[in-house]
Q: 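Just passing along the structure, written as structure tokens.
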Amino acid sequence: MEEKLIVSASPHIRAKTTTTNIMLDVIIGLLPAAIASVIIFGFRALMIIADTVLVAVLAEYVSRKVMKRENTVFDLSAVVTGLLLAMNLPVGINPIFAAFGSVVAIVVVKQMFGGIGNNFVNPALAARIILLSSFPSSMTTWAKPFYYKEGAVDAVTTATPLAMNANGQTTPLKDLFLGTTGGCLGETCAVALIVGGLYLIIRRVISPVIPLTYIATVAVMSLIFGQDILFQLLSGGLMLGAFFMATDYTTSPINTKGKVVYAIGCGVFTFLIRNFANLPEGVSFSILLMNILVPLIERATNPRPFGEKESKNA
Amino acid sequence: MDKANLTLPKSPFRTRGGAKAPHRKNTLNSESVTMPCPKQVILPMVQHIGAPCKPVVKAGTLVAVGDVIAESEGFVSAPIHATVSGKVSKITQVKLSTGQMGDAVIIDSDGEMRISENCKPPVVKTAQDLLDAVKASGLVGLGGAGFPTHVKLNVPKDKKADTLVINCAECEPYITTDNREAIENTDNVINGIVTVMRLLELDRAIIGIEDNKPEAIKLLKKAVADSKEKEAERIGVLPLKARYPQGAEKVLIKACTGRVVPVGKLPLDTGCIVMNITSVAFVSSYIKTGVPLVSKRVTVDGSAISEPKNVIVPIGTPIKDVIEFCGGYSEPCGKLISGGPMMGISLASDEFPILKQNNAILAFNEKDAILQKTTDCIRCGRCVSSCPLSLMPAAIEKSVKLKDIDALNKQGVMVCMECGSCAFNCPAHRPLVQTMRQGKALVRSAPKK
């Protein structure tokens with residue numbers, strides 16, 4: 001019997017949480033927004049989601065295979081990336097462009113830097129920005145909510161609330177809250193995003209520090225610059241960005257102090273880009289910028305070991 | 001120290017991190033049973049932190065329970081006593097649970113458990129008497145670390161101790177020996193605390209105990225209230241939140257006194273002496289009877305044990321015999337652990353003996369023993385938020401990989417107490433404790449600047 005005993009380093013018991021469980025929770029957290037997108041933008045939204053998710057998973061599988069590394073499809077992280085990318089695309093996008101986005105996210109941004117946990121920017125966001133600069137018109141043609149009851153996708157278009165705001169038009173708060181406005185698939189319906197975000201917080205998948213700080217920073221900036229606070233919070237990709245994009249483990253600081261600094265940065269840049277730059281929306285760019293600053297933020301905010309301060313004072 | 005600090009705390013001070021380890025205190029209400037005398041005991045010369053002992057008996061020597069069989073001249077060391085009566089059969093090299101070889105005295109029992117005539121209650125009137133008695137008793141920290149107790153109680157002239165912290169947190173899953181000590185041996189616990197407080201002139205004693213042991217808390221509070229000793233007024237029973245690793249020395253000191261032990265310093269540097277509850281009760285019983293540390297209560301539990309029990313075992317009894325006493329294995333054993341599942345050592349064989357500081361033997365079935373697959377770090381930060389000592393295991397892991405000793409020092413790898421909270425919570429099942437140990441070895445092996 002003795003020869004069969006397993007000898008290993010402590011601890012000998014582990015929590016039940018695994019990477020796969022975590023990714024599954026993120027998928028569940030994104031479901032309300034995904035369902036809302038199908039209700040608001042119709043069957044085509046579902047098609048885009050299926051497109052990006054399938055291509056992302058396939059890209060993950062093939063790139064691991066080519067690199068002769070272990071298959072990581074079952075950790076579900078590629079599903080999350082595909083889903084997040086779909087949430088960041090307009091419903092009218094050419095499915096081939098969307099698939100290209102998935103390949104960029106998985107192959108270029110994630111796997112080329114070493115796979116899960118090693119990418120320096122959020123794969124879905126980087127892919128969105130690459131698509132935005134590659135196919136600017138396709139990426140900024142916004143279908144009107146419930147267009148599918150009226151006609152073809154490119155026939156019935158509208159502007160996003162932020163773009164309308166820049167032209168002095170207002171959007172009713174109710175529409176912003178329920179998501180019946182122009183915009184990316186998963187960003188319009190604030191209520192679905194908040195429900196999904198709360199789910200992630202309750203399940204302790206994400207800490208509330210980043211979303212709360214991010215949203216609060218935008219609110220404070222709006223107050224300072226005399227903007228309509230609720231409008232700034234509910235429009236554009238802020239809720240999606242704050243709950244689902246900025247909280248990406250790999251590209252956000254690992255310690256609480258760092259998370260606060262990072263989220264304040266995201267909030268400040270979002271507000272500045274929205275109101276003082278040429279672009280109507282700045283969530284993607286500000287998160288991407290802060291992603292790149294994470295190593296520096298961490299260096300400045302690392303916790304000190306217990307008793308170190310006391311040992312220097314002694 | 002300002003006097004305001006020296007009141008008895010009503011609620012614990014804040015501590016950080018930890019792991020939501022399952023309690024699994026199946027034997028909480030299992031009254032201790034004494035195991036019948038084993039046929040043979042194996043007494044290794046290393047049963048404590050510090051200098052190994054040298055045998056003072058030879059093959060053939062007749063011994064009785066409590067006779068000294070090995071001693072050491074080193075200050076940080078503790079003598080070893082015969083734990084059964086009988087004849088020394090041989091002195092030989094045995095494999096220790098750490099995998100190294102070491103000397104051991106093997107005694108064949110005559111089955112009588114005759115107590116030696118040399119066991120006489122010591123006269124303990126001064127602090128020095130106490131230290132001498134504790135050293136002679138062979139007592140080491142019974143909570144698991146095995147640090148010789150008399151070393152802890154020896155307060156150097158330039159330092160002042162004011163607080164006795166009694167560790168009854170017992171935060172490791174499964175183990176209930178300290179709980180049973182508090183319930184079954186309450187009078188000795190209080191007596192021991194009073195003796196240490198009186199002789200070392202301490203201002204207060206705080207018993208830190210996790211709140212998942214309600215019966216023990218009730219009995220301890222009652223015993224403190226009923227005690228006629230004047231020191232009893234300054235003994236507090238402090239229920240702590242049941243969260244691993246509440247019983248780790250630095251964490252316990254913070255929770256009970258609010259004090260932070262500086263890096264590289266000892267509890268004494270913050271005026272605290274920490275003793276395990278079973279150790280302090282043993283001090284009292286030794287002063288009464290003069291019988292040194294010859295037996296130990298161990299929790300025997302785990303998915304492969306037929307009848308989980310708390311057993312009082314002569315030290316040196318082979319684990320195999322103890323498991324047999326508990327009905328043997330209920331199914332094939334996949335992993336055998338000496339100690340708790342969070343910090344215990346997994347054993348390669350059940351032929352090792354029970355040592356002084358052992359407080360549990362856990363046997364898990366093959367299903368529970370399976371090691372989960374390690375995947376890539378996703379930087380989720382669970383290790384960072386679970387470290388009670390504010391370390392960053394994920395970052396330290398990278399430095400270990402790079403063998404970057406400067407970074408390891410800066411990240412405080414030497415502060416790590418290997419509690420395993422980080423590894424417990426890691427969703428990628430990374431062997432972080434093992435990595436911390438590698439990091440420490442790297443720092444130790446580096447030339448000193």
Side-chain angles (χ1 to χ4, degrees), chain A residues 1-23 25 69-70 72 74-75 77 114-119 204-207 209 247-256 258-259 294-295 298-299 302-314, chain B residues 16 19-22 173 250 260-265 269 332-337 341-351 362 364 366 369 371-372 375-382 384-385 388-392 394-395 411-412 415 418 420 423-429 431 433-434 437:
Chain A
M1 179 212 86
E2 282 78 43
E3 293 78 41
K4 282 193 199 151
L5 290 179
I6 292 178
V7 176
S8 63
S10 57
H12 307 288
I13 50 173
R14 301 274 197 162
K16 289 200 179 72
T17 315
T18 62
T19 303
T20 310
N21 298 154
I22 292 171
M23 294 302 160
D25 267 336
R69 295 196 178 186
E70 204 184 338
T72 49
F74 296 105
D75 68 18
S77 64
I116 189 167
N118 291 309
N119 44 292
R204 293 177 178 271
V205 169
I206 59 170
S207 114
V209 173
T247 53
D248 173 35
Y249 289 150
T250 310
T251 54
S252 64
I254 208 162
N255 61 68
T256 306
K259 283 182 170 58
V294 163
E298 283 194 335
R299 189 182 286 191
N302 277 348
R304 300 313 309 155
F306 183 86
E308 195 181 81
K309 202 176 76 202
E310 286 76 7
S311 108
K312 278 187 185 138
N313 294 345
Chain B
R16 172 187 199 281
K20 212 175 158 186
K250 285 180 177 180
V260 174
V261 181
V263 169
K265 300 280 176 162
D269 294 295
C333 178
K335 199 178 220 180
L336 189 66
I337 299 166
M342 293 297 287
M343 287 187 78
I345 302 169
S346 61
L347 303 174
S349 154
D350 59 5
E351 308 206 337
L362 304 177
F364 290 105
E366 284 166 345
L371 294 175
Q372 283 128 325
T375 52
D376 284 333
C377 170
I378 54 170
R379 276 180 46 91
C380 66
R382 282 172 174 74
V384 178
S385 57
L389 301 181
S390 301
L391 301 178
M392 305 223 309
Q411 288 158 341
V415 175
E418 300 171 18
F424 176 87
N425 283 323
C426 179
H429 303 305
V433 173
Q434 199 170 318
R437 289 182 187 146

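Proteins get letters first, then strands, A, B, ... in listed order; numbering begins at 1 in each.
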Q: Hey, which of B:Gln434, B:His429, B:Gln411 has the most heavy atom pairs under 4.5 Å with chain A?
A: B:His429
Q: Looking at B:Ala369, B:Ala395, B:Pro341, which makes the most heavy-atom pairs under 4.5 Å with chain A?
A: B:Pro341
Q: Is any side-chain heavy atom of A:Ser77 less than 4.5 Å from a side-chain heavy atom of A:Thr19?
A: no
Q: With a 4.5 angstrom heavy-atom cut-off, could you sort out which part of B:Met392 is near chain A: side chain, backbone, both or neither?
A: side chain
Q: Measuring heavy-atom distances to chain B, does A:Thr256 have an atom under 4.5 Å in its side chain, in its backbone, in both, or in neither?
A: neither
Q: Report the option among B:Gly412, B:Cys377, B:Pro173 that has the most heavy-atom pairs separated by less than 4.5 Å from atoms of chain A.
A: B:Cys377
Q: Name the region of A:Ile22, side chain, backbone, both or neither, that has any atom closer than 4.5 Å to a heavy atom of chain B.
A: side chain
Q: What part of B:Cys380 is in contact with chain A, defined as an atom under 4.5 angstrom from a non-hydrogen atom: side chain, backbone, both or neither?
A: both
Q: What part of B:Lys20 gets within 4.5 angstrom of chain A, counting heavy atoms only: side chain, backbone, both, or neither?
A: neither
Q: When you look at CZ of B:Arg16, are more than 12 heavy atoms from neighbouring residues, nucleotides or ligands closer to it than 6.0 Å?
A: yes
Q: Applying side-chain contact (heavy atoms from CB on, under 4.5 Å), run through B:Gln372 and B:Cys426 and close with a yes or a no.
A: CA-CA 11 Å; B:Gln372 283 128 325; B:Cys426 179; over 6 Å; no
Q: Is B:Leu362 in contact with chain A via its backbone, its side chain, both, or neither, using a 4.5 Å heavy-atom distance?
A: neither
Q: Between A:Phe306 and B:Val260, does the side-chain contact (heavy atoms from CB on, under 4.5 Å) criterion hold? Intermediate values first, please.
A: CA-CA 8 Å; A:Phe306 183 86; B:Val260 174; 3.9 Å; yes
Q: Quick one: which of A:Val7, A:Thr247, A:Ile13 has the most heavy-atom pairs under 4.5 Å with chain B, could you say?
A: A:Ile13
Q: Output, in order, the C-alpha distance, side-chain angles, deciding distance and verdict of side-chain contact (heavy atoms from CB on, under 4.5 Å) for A:Tyr249 and A:Val205.
A: CA-CA 10 Å; A:Tyr249 289 150; A:Val205 169; 3.6 Å; yes
Q: Measuring from atom CD1 of A:Ile6 to atom NE2 of A:His12, what distance do you get when rounded to the nearest 0.5 angstrom?
A: 11.5 Å
Q: I need the residue from B:Gly381, B:Pro388, B:Ser390, B:Ala21 with the largest number of non-hydrogen atom pairs under 4.5 Å to chain A.
A: B:Ser390
Q: Please report the C-alpha distance between A:Thr251 and A:Val294 in whole Å, then the side-chain angles of each, then the deciding distance to 0.1 Å, and finally whether the side-chain contact (heavy atoms from CB on, under 4.5 Å) criterion is met.
A: CA-CA 7 Å; A:Thr251 54; A:Val294 163; 5.6 Å; no
Q: Which one of B:Ala428, B:Ser346, B:Gly344, B:Gly264 has the most heavy-atom pairs closer than 4.5 Å to chain A?
A: B:Ser346
Q: Which atoms of A:Arg204 come close to chain B, meaning under 4.5 Å heavy atom to heavy atom: side chain ones, backbone ones, both, or neither?
A: backbone
Q: What part of B:Thr375 is in contact with chain A, defined as an atom under 4.5 angstrom from a non-hydrogen atom: side chain, backbone, both or neither?
A: side chain
Q: What closest approach, in Å, do B:Phe364 and B:Ile337 show between heavy atoms, and which atom pair accounts for it?
A: CE1-CD1, 3.4 Å
Q: Quick check on B:Val415 against chain A: is it the side chain, the backbone, both or neither that has a heavy atom closer than 4.5 Å?
A: side chain
Q: Would a 4.5 Å heavy-atom cut-off, applied to side chains only, mark B:Leu371 and B:Lys335 as touching?
A: yes
Q: What part of B:Leu391 lies closer than 4.5 angstrom to a heavy atom of chain A: side chain, backbone, both or neither?
A: side chain
Q: Contact part of B:Ala19 toward chain A, heavy-atom cut-off under 4.5 Å: side chain, backbone, both or neither?
A: neither
Q: Looking at B:Glu418, B:Arg379, B:Arg382, which has the largest count of heavy-atom pairs under 4.5 Å with chain A?
A: B:Arg379
Q: Rounded to the nearest 0.5 Å, how far does CE of A:Met23 lie from CG of A:Asp75?
A: 6.5 Å
Q: Atom CG in A:Leu5, atom CG in B:Asp350: separation rounded to 0.5 Å?
A: 7.0 Å
